[in-house]
Amino acid sequence: MIIKRIFNILFDLYGYQGWWPVPGSAGSKGFDSAGYHPGNYEPPQNKSERFEIITGAVLTQNTSWNNVEIVLRRIKDENLITPQSIIQAPLDMLASIIRPSGYYNQKAKKLKIVSEFFLNEDRLDKEAAYDGRITRDKLLSLWGIGRETADSILLYAYHFPVFVIDSYTVRIISRAGLIKGGEGYDEIQRIFIPENSNPADRYYNEYHALLVLHAKRFCRKEPLCRRCPLKVICRMGNAAAD
DNA sequence: CCCCAGGGAATTC
DNA sequence: GAATTCCATGGG
């Protein structure tokens, strides 16, 4: 199957990515916090790790991860990397702290909203009658959380096996010829779910991370088809004149 | 100077 | 539903 083949090509070339990238982890620069077990990935198991992933997922909306790292550092320096402190911080102060990540007025609101959600889920989780389940619909009901951010949170913070579709993913499989263009998010998502299989989240986790890396290395806006490792399966790569 | 980055909401048809 | 427009900084 073509989806599995693409994964194998990318994994054999780029290797294990160990997302979600967190300050202190491999591939992340300039941070001294503990991070998640570089090169020996274990999913985040505590609340602070989860909350940091959620924060990063919001901050990286249409924004380079480099800018997000700058802001995560600033948030930590201000002792704001807890939902309680983000809720308590004045909106304009929070906005100024996260300024380097762009869209800072919108994102300041979003961080307050997901912080409230996080605390509320945590509180409900302690009640016996509550099933303790974060759902996609719950996340989508929050202002500022769309499908990709919701799926990123489900996958990387809570380890639910969902496939995250971002603009890189669409670009790659569109050029490869797997979609025509115009397909919706959920429709594209289904393409990546292998039939008759029950893969661990590791597959979804690593696959998405590999697609992001591959889009940065070769499948850029101006693609570098000549030496692209996916050339053998790619319509654009095969048609490229080089 | 230009374009781009691990989207999403609001508006309009 | 689909197409536009706005949000905004830092890096190449």
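Order of the sequence lines fixes the chain letters, A, B, ..., with proteins taken first and strands second; residue numbering starts at 1 for each chain.
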Supply the members, apart from A:Ile87, of the Ile/Leu/Val/Met/Phe/Trp/Tyr cluster built from side-chain contacts under 4.5 Å; use none for a lone residue.
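Besides A:Ile87, the cluster holds A:Leu119.
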Earliest and latest nucleotide of DNA chain C, 5' to 3', sitting under 4.0 Å from a non-hydrogen atom of chain A?
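Span of nucleotides near chain A: C:dC7 to C:dG11.
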A:Arg171 side chain N/O closer than 4.0 Å to the phosphate oxygens (OP1, OP2) of B:dC4?
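False: A:Arg171 side-chain N/O out of range (4.0 Å or more) of B:dC4 OP1/OP2.
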Establish, with yes or no, whether the OP1 or OP2 oxygen of B:dA5 is under 4.0 angstrom from a side-chain nitrogen or oxygen of A:Ser167.
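Negative; the distance criterion is not met.
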Run the side-chain hydrogen bond (donor to acceptor under 3.5 Å, both in side chains) test against [X] and tell me which residues pass, sequence neighbours left out.
X        : result
A:Glu121 : A:Tyr130, A:Lys138
A:Ser85  : A:Thr82
A:Asp12  : none
A:Glu183 : none

Please work out if [X] contacts a base, only the sugar-phosphate, or nothing of the nucleic acid, heavy-atom cut-off 4.0 Å.
X        : answer
A:Gly146 : sugar-phosphate
A:Thr149 : sugar-phosphate
A:Glu148 : sugar-phosphate
A:Ile165 : nothing

Nucleotide [N], atom [atom2] - distance to [atom1] of [X] in whole Å:
X        : N     : atom1 : atom2 : value
A:Lys107 : B:dA9 : NZ    : C1'   : 14 Å
A:Trp65  : B:dG7 : CH2   : P     : 12 Å
A:Leu139 : B:dG8 : CG    : P     : 11 Å
A:Leu111 : B:dG7 : CG    : C1'   : 14 Å
A:Arg147 : B:dA9 : CZ    : C1'   : 13 Å
A:Ile113 : B:dG7 : CD1   : P     : 19 Å
A:Asp151 : B:dG8 : CG    : P     : 9 Å
A:Ile172 : B:dA5 : CD1   : P     : 12 Å

Please give me every residue in residues 208-219 of chain A whose heavy atoms get under 4.0 Å of an atom in DNA chain B, ordered by residue number.
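Contacting residues: A:Val212, A:Lys216.
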Quick one: on DNA chain B, does A:Asn67 or A:Tyr185 contact a more 5' nucleotide (nearest heavy atom)?
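Between the two, 5'-proximity favours A:Asn67.
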In terms of the nearest nucleotide of DNA chain B, which residue is placed more toward the 5' end: A:Lys221 or A:Tyr103?
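The residue mapped nearer the 5' terminus is A:Lys221.
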What distance, rounded to whole Å, do you find between the two C1' atoms, one in C:dA3 and one in B:dA5?
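So the two C1' atoms sit 22 Å from each other.
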Which whole number of Å gives the distance between the C1' atom of B:dA10 and that of C:dT9?
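Taking atom C1' in both B:dA10 and C:dT9, they lie 22 Å apart.
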Acceptor/donor pairs from residues 210-222 of chain A side chains to any protein atom, 3.5 angstrom cut, sequence neighbours excluded:
residue  : atom : partner  : partner atom : Å
A:His214 : ND1  : A:Tyr14  : OH           : 2.9
A:Arg220 : NE   : A:Lys216 : O            : 2.9

If you check every side-chain atom of A:Trp143, which of B:dG8, B:dA5, B:dA10 has the closest atom?
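Looking only at side-chain atoms, A:Trp143 lies closest to B:dA10.
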I need the full list of salt bridge (Lys or Arg N to Asp or Glu O under 4.0 Å) pairs touching residues 87-115 of chain A, with sequence neighbours left out, sorted by first then second residue.
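Passing the test, one end in residues 87-115 of chain A: no pairs.
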With sequence neighbours excluded, give me every salt bridge (Lys or Arg N to Asp or Glu O under 4.0 Å) pair touching residues 150-161 of chain A.
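Non-adjacent pairs meeting salt bridge (Lys or Arg N to Asp or Glu O under 4.0 Å): A:Arg136-A:Asp151.
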Aromatic plane relationship, A:Phe7 with A:Tyr203 - under 30° parallel, 30 to 60° tilted, over 60° perpendicular
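Because their plane-to-plane angle lies in the 30° to 60° range, the rings of A:Tyr203 and A:Phe7 count as tilted.
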Given that both pair distances must be under 3.5 Å and the pair must be Watson-Crick or G-U, what runs of three or more consecutive pairs involve DNA chain C?
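The stems that DNA chain C takes part in, listed by first number, are B:2-5 with C:9-12, B:7-13 with C:1-7.
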Tell me if a side-chain donor or acceptor on A:Asn205 pairs with a main-chain N or O of A:Trp19 at a distance below 3.5 Å.
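Judged by distance alone, yes, a pair lies under 3.5 Å.
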Which ring-ring contact (aromatic ring centres under 6.0 Å, His included) pairs, counting each pair once, include a residue from residues 174-194 of chain A, with sequence neighbours left out?
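Sorted result for residues 174-194 of chain A: A:Phe163-A:Phe192, A:Phe192-A:Tyr207.
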Taking atom types as modelled, is there a side-chain donor on A:Asn46 or A:Ser48 under 3.5 Å from an acceptor on the other?
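Yes - a donor-acceptor pair under 3.5 Å links their side chains.
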Taking a hydrophobic cluster as the set of Ile, Leu, Val, Met, Phe, Trp and Tyr residues connected by side-chain heavy atoms closer than 4.5 Å, whether directly or through intermediates, do A:Ile53 and A:Leu140 fall within one such cluster?
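A:Ile53 and A:Leu140: separate clusters.
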